[in-house]
Amino acid sequence: MTTFIELGIDQDMVDQLAHKGITEAFPIQEQTIPLALTGQDIIGQAKTGTGKTFGFGLPLLQRIGANPEPGVQALVVVPTRELAMQVFEDLELAAKGRAATVVPIYGGKAYEGQIEQLKAGAQIVVGTPGRLLDLASQRVLDLGNVREMVLDEADKMLDLGFLADIEKLFSKTPASRHTMLFSATMPGIIVSLARRFMSNPIHIRATDPDEGAAQANIEHIIYRAHSLDKDEVIGRILQAEGRGKTVIFMRTKRAAARLQEELTDRGYDAAAVHGDLGQDQRERAMASFKTGKKDVLIATEVAARGIDVDDVTHVINHTVPDDDKAYLHRVGRTGRAGRTGIAVTFVDWDDMHKWALINKALDFGIPEPVETYSSSPHLFTDLNIPEGTKGRLKATPSEGSSTPRRAQRRPQP
DNA sequence: AAAAAAG
């Protein structure tokens, strides 16, 4: 085991982490922190839930120093507002004993408070591209003195939807800056593209090369969906013994809103987060899920990346995600920090090909879908969820019934 | 094609 002290992190930050029970460095942290401290540009790749945030966050904070001059010197860019909040909170925790201040900058919020914090001299900014550029063009955010720049979920940030904004942000910072890119997924084409913004980057992969792309501690269960009632199966999963928090991913905002209504009707108090909601609603939903006030979160792709919630035991893909990367990020909301998790994916008839591509890319080795599959070693048939298998799923009296069963509220622990 | 990200 390696301690953060051994990696070169200052005692005050180590103490703050220790208060939260974080004492041992993850492999990605062991590998990136010493290099990042020297100013080496880094592309850091490690599986979901294995400590990437502190892998860049600790060296970033340390290089900014405990008593930096006022003014923005570090910029962390992320793809969603909720992830901005979360990374902000992580950095703020580590920097608690320092004069350096961290500020979250993202849309959907009043400008006033953000502008005030910047004017007050905040040194470290965590934000989403739109609002960052907005404030930069208003001359409220000066990126001319940025020494440290990070793209979290870097492959997403360099994807078509974000690339133009990211280029603008880079162009407003000094070329001499220290640059770090982190993600669980880093396609070769993105790595090549990334070099344009970096100087002699080292690509660090904290993964066993022959281990496969998926998290080993997540069990993948694949249901052929065209002959089953998804609501029925979801109802059973929500009653599964030992179920903790559950995230249900939907393809569209409308579908997410509809399922929330449906589950509410059936007695499940589910939170929902998607882009049709106001920012205050989004934040309330995330908060109630994090605290456990609600243990089901219905989400669009907005919650697929980076979001770190303790005790998420199940992820349900209501439809097949776009590609293998999207699949990995979504299911990576469970099985974090060494825990185990279960990922259930419904494959509609129209999505069979999409699933086959994901199956191939991730090397799951699940045969061509004929019935219903689990990644291993269990082979399931439609709706025939084996009773007592690993105690994961509870058989229900309505099995085989054609009328949708009214789900019962799960007994509170 | 949808979602995300400024308003």
Side-chain angles (χ1 to χ4, degrees), chain A residues 75-88 103-115 118 125-141 143 150-170 172 183-185 190 247-260 272-283 285-286 297-307 315 317-330 332-333 345-346 348-355 357-358:
Chain A
L75 176 63
V76 180
V77 192
V78 304
T80 64
R81 297 166 179 179
E82 285 71 23
L83 188 55
M85 284 181 62
Q86 180 183 296
V87 172
F88 158 73
V103 52
I105 302 286
Y106 55 83
K109 288 278 236 216
Y111 286 87
E112 216 175 43
Q114 297 180 359
I115 292 173
L118 289 172
V125 166
V126 182
T128 48
R131 181 61 69 91
L132 288 171
L133 286 170
D134 187 350
L135 293 185
S137 71
Q138 289 187 47
R139 303 294 178 103
V140 181
L141 172 62
L143 298 176
V150 176
L151 300 186
D152 194 11
E153 305 299 339
D155 55 330
K156 183 56 145 185
M157 305 316 294
L158 296 174
D159 211 8
L160 246 40
F162 277 119
L163 182 58
D165 282 353
I166 296 302
E167 278 178 322
K168 280 182 209 145
L169 284 169
F170 270 126
K172 292 176 187 294
S183 182
T185 50
I190 297 289
V247 184
I248 307 177
F249 282 106
M250 310 298 288
R251 195 170 57 85
T252 66
K253 295 175 280 193
R254 289 184 62 182
R258 270 201 302 268
L259 184 64
Q260 188 190 23
V273 61
H274 57 75
D276 271 352
L277 300 174
Q279 191 53 31
D280 51 338
Q281 290 177 287
R282 287 168 58 161
E283 292 182 16
M286 291 307 299
L297 179 69
I298 300 164
T300 56
E301 203 60 17
V302 69
R305 283 178 176 253
I307 299 302
V315 168
N317 288 314
H318 198 266
T319 49
V320 176
D322 267 359
D323 57 23
D324 56 311
K325 272 86 70 185
Y327 182 89
L328 285 180
H329 287 283
R330 281 183 176 195
R333 294 320 96 211
T345 300
F346 295 123
D348 293 312
W349 181 252
D350 290 347
D351 287 339
M352 287 296 220
H353 180 64
K354 203 152 79 169
W355 165 251
L357 291 178
I358 292 172

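In what follows, chains are A, B, ... by sequence order, proteins preceding strands, each numbered from 1.
- Atom CD1 of A:I298 and atom C1' of B:dA3 are 17 Å apart (whole Å).
- The salt bridge (charged side-chain N to carboxylate O under 4.0 Å, His left out) test applied to A:D322 returns A:K354, not counting sequence neighbours.
- If you take OH of A:Y106 and C1' of B:dA6, they are 15 Å apart, rounded to a whole angstrom.
- Between atom CZ of residue A:R305 and atom CG of residue A:L328 there is a gap of 9.5 Å, rounded to the nearest 0.5 Å.
- The nearest whole Å value for the distance from the CG atom in A:D323 to the P atom in B:dA2 is 17 Å.
- Whole-Å rounding puts the A:D159 CG to B:dA5 C1' distance at 13 Å.
- Looking at heavy-atom distances under 4.0 Å, A:R282 makes contact with sugar-phosphate atoms alone, never a base.
- One atom, NE2 of A:H318, and another, C1' of B:dA2, lie 16 Å apart when rounded to the nearest Å.
- Separating the CZ atom of A:R81 from the P atom of B:dA3 is a distance of 15 Å, rounded to the nearest angstrom.
- Looking at heavy-atom distances under 4.0 Å, A:D165 makes no contact with the nucleic acid at all.
- When distances are taken from the side chain of A:D322 to each of B:dA1, B:dA3, B:dA4, the shortest belongs to B:dA1.
- Taking atom CG of residue A:L163 and atom P of nucleotide B:dA3, one finds them 22 Å apart after rounding to whole Å.
- Within 4.0 Å of A:G275, counting heavy atoms only, lie sugar-phosphate atoms of the nucleic acid but no base atom.
- The side chain to side chain donor-acceptor pair (under 3.5 Å) check on A:Q114 picks up A:R131, with sequence neighbours excluded.
- Look at CG on A:L277: it is 16 Å from C1' on B:dA5, rounded to the nearest Å.
- Pairing each heavy atom of A:T185 with each of A:H329, the nearest pair is OG1-NE2, 2.7 Å.
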Practice problem: Take A:E283 and A:R81 through the test salt bridge (charged side-chain N to carboxylate O under 4.0 Å, His left out) and record every step on the way to the result. | Solution: CA-CA 9 Å; A:E283 292 182 16; A:R81 297 166 179 179; over 6 Å; no
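- For the OP1/OP2 pair of B:dA5 and a distance below 4.0 Å, the side-chain nitrogens and oxygens of A:T80 include no atom meeting the criterion.
- Here B:dA5 is the nucleotide among B:dA5, B:dA3, B:dA2 with the atom lying nearest to any side-chain atom of A:E82.
- Residue A:Y111 is in sugar-phosphate contact alone, with no base atom involved, counting any heavy-atom pair closer than 4.0 Å across all strands shown.
- Among the nucleotides B:dA2, B:dA6, B:dA4, the one closest to any side-chain atom of A:T128 is B:dA6.
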